[in-house]
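Side chains included, hydrogens not; waters and symmetry mates left out as well; all remaining heavy atoms used. By convention in this document, chain letters (A, B, ...) are assigned in the order of the sequence lines, proteins followed by strands, and residues within each chain are numbered from 1.
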Amino acid sequence: MNGHTTELVVFALLFLVVSAMGFVAARWRRPKDIESLHEWGLGGRNFGSWITWFLVGGDLYTAYTFVAVPALVFSSGAIGFYALPYTVVVYPLVFLVLARMWSISHVHGFVTPADFVRARFGSPALALAIAVTGLVATMPYIALQLVGIEAVLKTMGITGHLPIIIAFAILAAYTYQSGLRAPALIAFVKDTLIYIVILAAVIYIPAKLGGWGSVFDAAAAKFAKTPAPADGITLTSANQFQYITLALGSALALFLYPHSLTGVLASKNRGVIKRNMAALPAYSFLLGLIALLGFMAIAAGTKPVMGANGKADPNTIVPALFDQMFPDWFAGVAYAAVGIGALVPAAIMSIAAANLFTRNIYREYLNKDASDAQEAKVSKLVSLVVKVGAVLCILLLDPQFSIDLQLIGGVIILQTLPSVALGLYTRWFHKGGLIAGWALGLLSGMWMLYLIPNPANGKAHFGGSAFALSNFGFDTKATLYAGFLALIVNLVVAVLGTLLFRALKVADGEDSTKQDEYFADEGDPRVKEMDLTGSH
Amino acid sequence: MTTREPGQARSDRSPWNWLLVLPIVLPLLTFLFNADEPRLFGFPLFYWLQIAFIIVGVACTTIVYRMTK
């Protein structure tokens, strides 16, 4: 075939073993009846600290980490390192918020953020908005995982769309069969593989390249030669605020995604969540070092693989580096780690999106008397549909960097922050104000994304997530993360709207949650009552 | 919260929670670390200091968890 036979064999073998595990997972910690949404979608909500750590880590460290971040570091330098402060900031930020979410969800039997919003603000319309937003925002994020698998396959000399179709058929099949149990079990294998590969990479590759110092020097030399003003191994005045808003915006967005919440809700008690918030940053060390693979590729003179359009595909930079530096068999292991690292979160994301559809759209609007078995069935089908939607995202959106797929998802999901995250703390907002803020935040976000061109392929719109302040008439090269600006619009409108609706005495929805339910923990009699029919 | 008296309202309020602000704000102050020198093990300041902030994050969250459980 080509010079990649060994890599291909190792990759395929590991992949098959993991797929088999996915099917076995259906029997693991077997419940009496998997045909209910709680069992299929939340693994029975019984996971302790270790499983939760692997599960939540599993959906946070994805193709985003292994493909998209190093590709950005390779192309633009320091700006791509925002992924590190992002993962430092996120855990203390959500430490208290997620514990509240766990409690209120377990008292009321909420499976999705939209369930919570519906009960908290007594507004089916707002809940529908939150559900649709979560569903749409997840698709570009899953698309990024597809891009990651594609990058690995491209580097092994396989081109076209066939390999992705096969990979996703396997994923779809075992997600369909086992629900959340499949990714939870596979997460162990994935993280073990990834730790081995990354430790090897960050010790072996820099040593081969003459030490970390010369890696950074090579990167600095490369960026000094390029005409672009915003690259380099440190930040410039043009991208400093973009760095800050990307890190903070991404941190605020992360646990708003329905899939991040799935892993959190599946944990056994509040303590498991809080312990995990302290332990999850262990992954951040790796993340920082993985990001620097982009610089190692510069120092090693790695060339990304040419895409079908004759242009180099920067997403292939890490796989190409592994191909260049590692012996073939180990490159195969590394590819399997990246490939499985994309499949696990893709499975978790599609399950979460499916739960969202079933609970908040299907049962709310299409079949009010759905049985547990019907719900599980619809969820399974929708999880397939969501994967198809992700493929469409790749075809329709074509940003300069694959990381922008995730960041565009972020622009969308951030608009649920006032209702979901602030809603956990305060009932001050009026449902009308929240809906208005959500709508205008989303509109302004889409408008900003529309104005962002892609210099790499000459397209004028939807080319990234860095919004130039010169669009507002400022005389500056500075850019900001569009999602952050859209969130500010959202918050301002939500506050003004709330004041206006209150002044006009417009009726507000009823809050069916109680203050002390936000602190309920395992052992509390209310927590044990799972409300499967959802008659809040 | 373990020492909660019967009848006392549940809450997650604690002065220890303020410690969480440090790892949220510190990594966003780019003027603290946006420089090449001084280097540590070949890493420019920009990189090693931000990696060091992970330890600040873990320490603060662990302390808050222990003191409020």
Participant: Side chains of B:F46 and A:L235, heavy atoms from C-beta outward: is any pair under 4.5 Å?
Facilitator: yes
Participant: B:Y65: what forms a side chain to side chain contact (heavy atoms under 4.5 Å, CB included) with it, not counting sequence neighbours?
Facilitator: A:F95, A:K274, A:R275, B:K69
Participant: Answer yes or no: is there a side-chain heavy-atom contact under 4.5 Å between A:L292 and B:F43?
Facilitator: yes
Participant: If you define the side chain from C-beta out and look only at heavy atoms, does anything of A:T234 sit under 4.5 Å from B:P44?
Facilitator: no
Participant: Closest approach of A:F285 and B:I54, non-hydrogen atoms and distance?
Facilitator: N-CD1, 3.6 Å
Participant: Run the side chain to side chain contact (heavy atoms under 4.5 Å, CB included) test on A:L84 and B:Y47 for me, step by step, so that the C-alpha distance in whole Å, both residues' side-chain angles and the decisive distance to 0.1 Å come before the verdict.
Facilitator: CA-CA 9 Å; A:L84 186 94; B:Y47 299 90; over 6 Å; no
Participant: Chain B: which of A:L93, A:V90, A:T245 shares the most heavy-atom pairs with it under 4.5 Å?
Facilitator: A:L93
Participant: Can you tell me if A:K514 has over 12 outside heavy atoms packed within less than 6.0 Å of its NZ?
Facilitator: no
Participant: Pick whichever of A:P206, A:S284, A:A247, A:A99 has the most heavy-atom pairs under 4.5 Å with chain B.
Facilitator: A:S284
Participant: Side chain, backbone, both or neither: which part of B:A35 has a non-hydrogen atom closer than 4.5 Å to chain A?
Facilitator: backbone
Participant: Applying salt bridge (Lys or Arg N to Asp or Glu O under 4.0 Å), which residue pairs with at least one partner in residues 94-104 of chain A are found, sequence neighbours left out?
Facilitator: A:R100-B:D12
Participant: What's the separation between atom CD in B:Q50 and atom OH in A:Y82, rounded to the nearest 0.5 Å?
Facilitator: 13.0 Å
Participant: Just wondering, are more than 12 heavy atoms of other shown residues or ligands nearer than 6.0 Å to CH2 in B:W16?
Facilitator: no
Participant: Going by residue number, which parts of residues 21-28 of chain B are within reach of chain A, meaning a heavy-atom gap below 4.5 Å?
Facilitator: B:P23, B:I24, B:P27, B:L28
Participant: Taking distance alone, no hydrogens or angles, what donor-acceptor pairs closer than 3.5 Å link side-chain atoms of residues 209-225 of chain A to residues at least two apart or in another chain?
Facilitator:
from   : atom 1 : to     : atom 2 : distance (Å)
A:S214 : OG     : A:L209 : O      : 3.0
A:S214 : OG     : A:G210 : O      : 2.8
A:S214 : OG     : A:G211 : O      : 3.0
A:D217 : OD1    : B:R39  : NH1    : 3.2
A:D217 : OD1    : B:R39  : NH2    : 3.1
A:K222 : NZ     : A:F74  : O      : 3.0

Participant: Relative to chain B, which of A:P92, A:A278, A:A78, A:G288 shows the most heavy atom pairs under 4.5 Å?
Facilitator: A:P92
